[in-house]
Amino acid sequence: MIEVEKIAVFGGSFDPPHLGHLEIIKTALLFLEVDRLFVVPTFLSPFKDKSLFSPQRRLFWLKLLKEELKEEKLSILDYEIKQNKPTPTIQTINFLIQRYNPKQIFLLLGSDQIQSLHKWHSYEELKTKVEFVIIEREGYKIPASFKVLPMQKVQISSTKLREDLKKKKKELLGFIPKVILEDIMNGE
């Protein structure tokens with residue numbers, strides 16, 4: 001077992017990863033003072049029917065971003081993708097606890113997730129193991145009981161980017177990191 005004091009977990013579909021995700025990663029590393037930040041792409045979100053891009057492709061893109069960031073505290077965790085099925089967050093957190101025995105775990109979430117947290121698998125157990133850190137999203141209130149990541153509201157979403165990609169629109173594609181956009185365009 002590798003022991004670390006403080007970790008942060010930033011999970012999501014990353015379908016595709018965008019500049020907002022990069023900003024969240026940089027801000028979390030700066031303000032949370034963690035020993036390790038795990039970015040955890042889902043195999044498939046339990047709240048979605050499908051993803052536009054395959055789990056392997058999304059994982060590949062996140063690894064490319066990690067190389068570009070050159071941040072040693074950043075790890076891309078393929079645990080959920082290796083499960084080959086939707087994986088509850090509590091299962092990933094328990095895996096990290098077993099593997100790293102952290103003293104503190106921050107779980108990064110968009111403010112759009114707060115209202116549905118009670119629907120998460122084993123939510124009562126999850127909230128005893130993590131401290132939620134909220135990323136502000138436009139149009140969502142954050143209760144005072146939550147810690148907020150101090151950054152500007154993320155103005156872009158993967159949902160909007162997917163819509164533009166499907167419609168062959170190019171307006172929002174500047175929000176996709178260049179290395180990923182090149183791969184998307186080459187894959188079409």
Side-chain angles (χ1 to χ4, degrees), residues 2 4-48 51-100 102 104-113 120 126 129-137 147-152 154 156-159 161-162 175-181 183-184:
I2 308 160
V4 291
E5 290 285 317
K6 289 166 53 174
I7 65 174
V9 178
F10 179 32
S13 297
F14 303 102
D15 189 27
H18 54 68
L19 296 179
H21 293 133
L22 273 180
E23 204 51 44
I24 291 164
I25 290 167
K26 289 176 187 174
T27 304
L29 286 168
L30 184 65
F31 286 99
L32 295 178
E33 299 176 1
V34 293
D35 300 303
R36 182 94 45 99
L37 169 61
F38 293 96
V39 174
V40 186
T42 62
F43 175 77
L44 180 66
S45 166
F47 301 105
K48 294 181 181 171
S51 57
L52 181 59
F53 298 103
S54 74
Q56 291 71 25
R57 198 160 185 203
R58 293 180 283 117
L59 177 64
F60 170 72
W61 289 335
L62 288 169
K63 287 179 178 179
L64 287 178
L65 289 182
K66 180 186 179 333
E67 285 177 27
E68 282 204 348
L69 283 173
K70 295 178 179 28
E71 176 54 65
E72 63 187 47
K73 291 182 179 183
L74 177 62
S75 294
I76 309 303
L77 183 67
D78 61 0
Y79 174 77
E80 291 189 14
I81 287 178
K82 283 184 172 178
Q83 303 312 301
N84 214 30
K85 65 181 182 188
T87 305
T89 301
I90 188 65
Q91 188 176 324
T92 305
I93 295 300
N94 286 336
F95 168 79
L96 288 167
I97 290 169
Q98 187 175 31
R99 185 142 195 213
Y100 296 99
Q104 185 172 21
I105 302 173
F106 296 111
L107 181 60
L108 281 67
L109 297 176
S111 56
D112 56 325
Q113 299 287 316
W120 286 32
L126 181 65
K129 295 183 175 186
V130 303
E131 179 177 354
F132 296 105
V133 178
I134 307 301
I135 302 146
E136 282 192 83
R137 299 282 302 261
K147 183 181 193 107
V148 178
L149 194 64
M151 62 181 285
Q152 294 209 354
V154 175
I156 189 63
S157 71
S158 294
T159 303
L161 289 171
R162 284 192 303 275
F175 286 99
I176 300 175
K178 189 178 178 193
V179 66
I180 294 172
L181 186 57
D183 187 65
I184 290 172

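The heavy-atom pair separating G110 from I134 by the smallest distance is C-CG2, 4.3 Å. Closest approach of I184 and P16 over heavy atoms only: CD1-CB, 4.2 Å. Scanning all heavy atoms of the two residues, the minimum distance from P86 to P88 falls at O-CD, 4.1 Å.
Distance check: L64 CG to D183 CG gives 7.0 Å after rounding to the nearest 0.5 Å. The CG atom of L149 sits 5.5 Å away from atom OG1 of T27, with the distance rounded to the nearest 0.5 Å. One finds the CD1 atom of I24 at 10.5 Å from the CG atom of L109 (value rounded to the nearest 0.5 Å). The distance from the CD1 atom of I25 to the CG atom of L65 is 7.0 Å, given to the nearest 0.5 Å. Atom CG in L32 sits 6.0 Å away from atom CG in L108 (nearest 0.5 Å). Remark: K129 NZ to I90 CD1 distance equals 4.5 Å, nearest 0.5 Å.
I81 has its side chain within reach of P41: a pair of non-hydrogen atoms, C-beta onward, lies under 4.5 Å apart. Within the 4.5 Å cutoff, the side chain of L69 has no heavy atoms near those of the L29 side chain. At least one side-chain heavy atom of L19 sits less than 4.5 Å from a side-chain heavy atom of P177. Using a 4.5 Å heavy-atom cutoff, the side chains of I7 and V34 are not in contact. With a 4.5 Å cut-off on side-chain heavy atoms, Q113 and F132 do not count as touching.
In this structure, the side chain of R58 engages the main chain of F43 through a donor-acceptor pair within 3.5 Å.
A search for salt bridge (charged side-chain N to carboxylate O under 4.0 Å, His left out) contacts involving R137 returns D112, not counting sequence neighbours. Judged as a ring pair (Phe, Tyr, Trp, His ring centres under 6.0 Å), and not counting sequence neighbours, the contacts of F53 are W61. For K6, there are no salt bridge (charged side-chain N to carboxylate O under 4.0 Å, His left out) partners at least two apart in sequence or on another chain. Scored by the ring pair (Phe, Tyr, Trp, His ring centres under 6.0 Å) test, F106 finds no partners at all (sequence neighbours excluded).
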Can you list the steps and then say if Y79 with Q83 is a side chain to side chain contact (heavy atoms under 4.5 Å, CB included)? CA-CA 7 Å; Y79 174 77; Q83 303 312 301; 3.3 Å; yes
Kindly indicate, with the supporting measurements, whether the criterion side chain to side chain contact (heavy atoms under 4.5 Å, CB included) is fulfilled by D35 and Y100. CA-CA 11 Å; D35 300 303; Y100 296 99; over 6 Å; no
Show the numbers, then the answer: is there a side chain to side chain contact (heavy atoms under 4.5 Å, CB included) between F38 and T92? CA-CA 11 Å; F38 293 96; T92 305; over 6 Å; no
Run T89 and V130 through side chain to side chain contact (heavy atoms under 4.5 Å, CB included) and show every step you take. CA-CA 11 Å; T89 301; V130 303; over 6 Å; no
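Listed by first and then second residue, the salt bridge (Lys or Arg N to Asp or Glu O under 4.0 Å) pairs involving residues 66-80 are D78-K82 (not counting sequence neighbours). Sequence neighbours left out, the pairs with a member in residues 11-22 that pass salt bridge (Lys or Arg N to Asp or Glu O under 4.0 Å) are D15-R162.
Between H21 and H18, the two ring planes are parallel [angle under 30°; tilted spans 30° to 60°].
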